[in-house]
Amino acid sequence: MSASVSKTKEMWGTVLLISCFIQAGLVFGTLRSFGIFFPEFVEYFDSAAGSVSWVTSCAVAVQQLMSPLGCALALRLGSRPVVILGGFLSSLGMFFASFSTELYQLYLSIGGVSGLGWALIFSPSMAAVTCYFSRRRSLAAGFVLTGVGVFSFALTPLLQYLVEEYSWRGAMLLLSGVALHSVPCGALLRASSEDLPAQSRSFLWGWELLCNWAFLRYCLAVTLINAGYFVPFTHLVAHMRTKGIGDHQAAFLMALVGVADVGGRLFAGWLSDLSPKRTLPLLSLWTGLSAVVLGLLPLMAGDVKMGAAAIAFGFCAGALTPGVFSALPWVVGVEKVLPALGLLQMLESVGGLFGPPISGE
């Protein structure tokens, strides 16, 4: 009987990992590929780079700001209906965006509608993985988050091709169809929050963490990380073009960043699981390395040097991401991971909102 239960648990764990892998890719792989649209938006809407970068910033901010709502709904209704709804909303936002004639319409469609959909997808999925795995938590989180790098690698050249063939409107319309794949992935999740104890299903459960000084310090650190994290994915393609690098070379370099990101996430997850108590120091190490490389990026000249710096940033930035999630149980305890993840995403939205526009001025 125990062998059968163990096998069932293992199979469910595999399904959970694959589903959340795809969902993470469809959320942040898409966001990180939006740099392909950036020059097209600047030209079409005749707007400054700082104004256009608010499109991505609004999407990231709404995704993170509304994460507590996604976690609260998952507690009450279960992850499955919440993620399915999020898949519909993320697709609908990009569908509306393909008909935009004014820049503010992109803020509302991608930033508002798709951002809300991504909030309902990402946090419940990551919380499910973090709570389900105990022995290999960092490696499991790292594997799921490699979906971001894999999808970045695939979507960046694909979107470049689609923009050239069908214009940014056609590419956005097709991207909305890709986003719809979050719906069947959500259907693979458990229908209810049956694994949670009854006392933890209150809609406002976990908000007392806002009085937890250790948790607030952690949120502040992640907010500062978030302020710089999305800057290259918003501006790097346009920056490479100003340095004389062609469209296809820029898209290829961004795809290589995605590959490096995958390697960084898997390596960091494996390294962290060798000594779980060192998860926080390792997170600090990867953050410091990411900051150094990010500071060197604007100083690089030529496609080789800039490509090497971009790939180094992809590896270090990918390596720090699993630590952000796998360190949460050490900060708040396993039983508070779901609300902590939602609140963390909400508070760090400030960094994601202001980082790219400030750097684009």
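Being a predicted model, the structure only gives us computed values, none of them experimental.
Among all heavy-atom pairs drawn from I110 and A97, the shortest one is CG1-CB, 3.6 Å. The two residues T30 and M94 have their closest heavy-atom pair at CG2-SD, 4.2 Å.
Taking the six-membered ring for Trp, F37 and F34 have ring centres closer than 6.0 Å.
In the hydrophobic cluster analysis, where Ile, Leu, Val, Met, Phe, Trp and Tyr join through side-chain heavy atoms closer than 4.5 angstrom, L294 is grouped apart from L224. Residues I84 and V129 are members of separate hydrophobic clusters, defined by side-chain heavy-atom contacts under 4.5 angstrom among Ile, Leu, Val, Met, Phe, Trp and Tyr.
F45 is listed as a side-chain neighbour of L106, based on a closest heavy-atom distance under 4.5 Å. Counting heavy atoms from C-beta on, the side chains of V183 and F88 come closer than 4.5 Å. Taking the side chain as every heavy atom from C-beta outward, L158 and L155 approach each other to under 4.5 Å. L89 has its side chain within reach of L85: a pair of non-hydrogen atoms, C-beta onward, lies under 4.5 Å apart. Residues F315 and L289 are not in side-chain contact: their nearest non-hydrogen atoms beyond the backbone lie 4.5 Å or more apart. Two residues are said to be in side-chain contact when any heavy atoms from C-beta on lie closer than 4.5 Å; S47 and V42 fail this criterion. At a threshold of 4.5 Å between non-hydrogen side-chain atoms, the residues L216 and L347 count as touching.
The aromatic rings of Y44 and W168 sit perpendicular, their planes meeting at an angle over 60°, well past the 30° parallel limit. Classified by interplanar angle (parallel below 30°, tilted 30° to 60°, perpendicular above 60°), the ring pair F313/Y229 is tilted.
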